[in-house]
**Student:** 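Supplied in structure tokens, the structure appears directly below.
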Amino acid sequence: MTGPGDETRIVERMRRHRLQGLSDMAAGMAHEINQPLSGIRGFAEGLLIGLEEGWEISKQEIIDKMRRIVTESDRIDDLIQSVRGFADENARLELVPVDLQQVVQAAVRLWGTRLRAHGMDLRVTCADPVGAWVRANPFAVQEAVQIVLANAGDACLARGAGDEGRIAIDIGSGAGASDPVVISVRDNGVGMDAATLARAGEPFFTTKGPDRGIGLGLAVAHGILAQCGGELELSSVPGAGTTAELRLYHRLVGKESV
């Protein structure tokens with residue numbers, strides 16, 4: 001039996017655990033932040049050296065590089081806001097017209113090389129590019145796709161040597177205006193049993209080893225999609241793989257309609 005003092009200590013331990021998890025999560029995103037930061041430094045240093053050395057740099061080249069710097073800076077800001085969003089349930093993402101096909105392609109550019117390096121077959125299809133527009137946050141949705149891709153890759157690797165991992169990403173939507181646009185990520189990994197599937201997405205729940213994650217990835221993905229007016233649904237069969245559906249309901253009929 002526990003008394004009020006024991007309950008207080010339990011709450012305090014849970015709070016410390018969550019704060020530690022947030023700290024670990026921020027540290028884990030260092031790689032994602034470092035990439036655009038390196039790009040920003042490269043663009044800025046290139047322009048600085050060129051101007052100091054008197055190189056012939058066209059106005060258009062300067063404009064292009066400055067635009068890339070602004071884009072990469074926005075990406076870093078959105079990554080940071082995503083972490084803050086997990087810590088602060090009142091935080092809200094800015095929603096803008098987004099082409100999900102471009103978002104998925106960006107995520108695949110980041111993760112495709114490392115997945116294929118492990119011998120995985122990674123394929124992307126989009127049945128209706130015009131119908132892949134939604135109102136969401138592109139950087140946040142890209143992060144959610146990357147989280148799901150990382151999990152799919154880990155599940156495929158867990159099959160062991162000799163088994164080819166396969167990941168298929170499909171972008172599609174229903175015929176009705178109220179139907180969501182869906183990013184479906186299917187893998188042929190180890191899958192999950194019903195008990196594990198029921199807990200997938202709980203903060204700090206993970207079946208991976210202590211050096212492979214802290215169990216915040218799917219929780220963050222759930223939070224991102226909720227803020228973008230969507231949801232994440234998982235289905236899985238042990239030994240046969242998992243399907244993650246990222247559903248976004250703020251649908252737009254092509255960019256021209258925005």
Side-chain angles (χ1 to χ4, degrees), residues 22-44 64-115 122 124 126 129 132-153 169 171 180-185 201 203 213 216-232 244-252 255 258:
L22 289 167
S23 175
D24 293 342
M25 174 180 154
M29 290 182 68
H31 172 75
E32 299 297 336
I33 292 176
N34 187 61
Q35 185 173 16
L37 188 60
S38 297
I40 290 171
R41 185 179 181 87
F43 294 137
D64 290 343
K65 289 187 182 298
M66 295 303 292
R67 281 178 176 164
R68 290 293 301 274
I69 288 173
V70 171
T71 298
E72 296 302 302
S73 298
D74 287 342
R75 182 177 163 195
I76 291 175
D77 181 65
D78 276 81
L79 286 168
I80 292 171
Q81 295 307 319
S82 296
V83 177
R84 288 177 176 172
F86 184 81
D88 181 6
E89 61 182 12
N90 294 318
R92 291 292 177 267
L93 297 171
E94 180 184 3
L95 306 186
V96 298
V98 175
D99 181 356
L100 291 183
Q101 189 174 16
Q102 290 186 2
V103 168
V104 169
Q105 289 172 347
V108 169
R109 280 196 298 271
L110 283 174
W111 277 93
T113 300
R114 72 183 73 179
L115 292 173
L122 176 61
V124 181
C126 182
W133 282 83
V134 298
R135 186 170 296 279
N137 184 283
F139 301 103
V141 174
Q142 180 181 331
E143 183 185 354
V145 173
Q146 290 171 187
I147 289 169
V148 171
L149 268 180
N151 283 352
I169 307 175
I171 308 168
V181 181
V182 180
I183 304 171
S184 175
V185 182
L216 279 175
L218 287 177
V220 171
H222 275 286
I224 285 171
L225 293 172
Q227 290 195 51
C228 291
E231 61 185 357
L232 173 63
E245 290 192 350
L246 294 79
R247 301 172 180 171
L248 292 151
Y249 289 90
H250 294 332
R251 187 172 172 182
L252 300 173
K255 184 179 179 182
V258 178

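Below, all heavy atoms of this structure are taken into account, side chains as well, without hydrogens, waters or symmetry copies.
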**Student:** For Leu95 and His250, what are the C-alpha separation, side-chain angles and deciding distance, and is it a side-chain contact (heavy atoms from CB on, under 4.5 Å)?
**Tutor:** CA-CA 10 Å; Leu95 306 186; His250 294 332; 4.1 Å; yes
**Student:** Got Leu232 and His222 here, is their nearest side-chain heavy-atom distance under 4.5 Å?
**Tutor:** yes
**Student:** Is any side-chain heavy atom of Leu122 closer than 4.5 Å to one of Ile169?
**Tutor:** yes
**Student:** Work out which heavy atom in Val141 is nearest to a heavy atom in Cys228; give both atom names and the distance.
**Tutor:**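 Distance-wise, the nearest heavy atoms are CG2-SG, 4.1 Å.
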**Student:** Once you round to the nearest 0.5 Å, how far does CG of Leu218 lie from CG of Asn151?
**Tutor:**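 Rounded to the nearest 0.5 Å, the CG-CG separation comes out at 4.5 Å.
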**Student:** Just so I know, are the side chains of Glu143 and Ile224 near enough to count as touching, which here means a heavy-atom distance under 4.5 Å?
**Tutor:** yes
**Student:** For Ala136 and Val98, which heavy atoms make the closest approach, and how far apart are they?
**Tutor:** O-CG2, 3.5 Å
**Student:** Where the side chain of Asn137 meets the backbone of Glu94, is there a donor-acceptor pair that is under 3.5 Å apart?
**Tutor:**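 Flag set: sc Asn137 to bb Glu94 pair under 3.5 Å.
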**Student:** Tell me, please, which residues at least two apart from Val70 pass side-chain contact (heavy atoms from CB on, under 4.5 Å).
**Tutor:**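 For Val70 the side-chain contact (heavy atoms from CB on, under 4.5 Å) partners, ignoring immediate neighbours, are Asp74.
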**Student:** So Pro180 and Arg251, do their side chains get closer than 4.5 Å, heavy atoms only?
**Tutor:** no
**Student:** Ile40: what forms a side-chain contact (heavy atoms from CB on, under 4.5 Å) with it, not counting sequence neighbours?
**Tutor:** Ile69, Glu72, Ser73, Ile76
**Student:** Can you name the nearest heavy-atom pair linking Leu149 to Ala107, along with the distance?
**Tutor:**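 In this case the closest contact between Leu149 and Ala107 is CD1-O, 4.2 Å.
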**Student:** Quick one: CH2 on Trp133 to CD on Gln101, what's the gap to the nearest 0.5 Å?
**Tutor:**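 Rounded to the nearest 0.5 Å, the CH2-CD separation comes out at 10.5 Å.
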**Student:** If the condition is salt bridge (Lys or Arg N to Asp or Glu O under 4.0 Å), which residues does Arg41 pass it with, not counting sequence neighbours?
**Tutor:** Glu45
**Student:** Do Phe43 and Met66 have side-chain heavy atoms sitting under 4.5 Å apart?
**Tutor:** no
**Student:** side-chain contact (heavy atoms from CB on, under 4.5 Å) between Leu246 and Val182: does it pass, once the steps are laid out?
**Tutor:** CA-CA 6 Å; Leu246 294 79; Val182 180; over 6 Å; no
**Student:** Can you confirm whether more than 12 heavy atoms, excluding those of Arg68, are under 6.0 Å from its CZ atom?
**Tutor:**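 No.
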**Student:** Against Val124, only a single residue in Val104, Ile183, Val185 fulfils side-chain contact (heavy atoms from CB on, under 4.5 Å); can you say which?
**Tutor:**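 By the side-chain contact (heavy atoms from CB on, under 4.5 Å) criterion, Val124 pairs with just one of Val104, Ile183, Val185: Val104.
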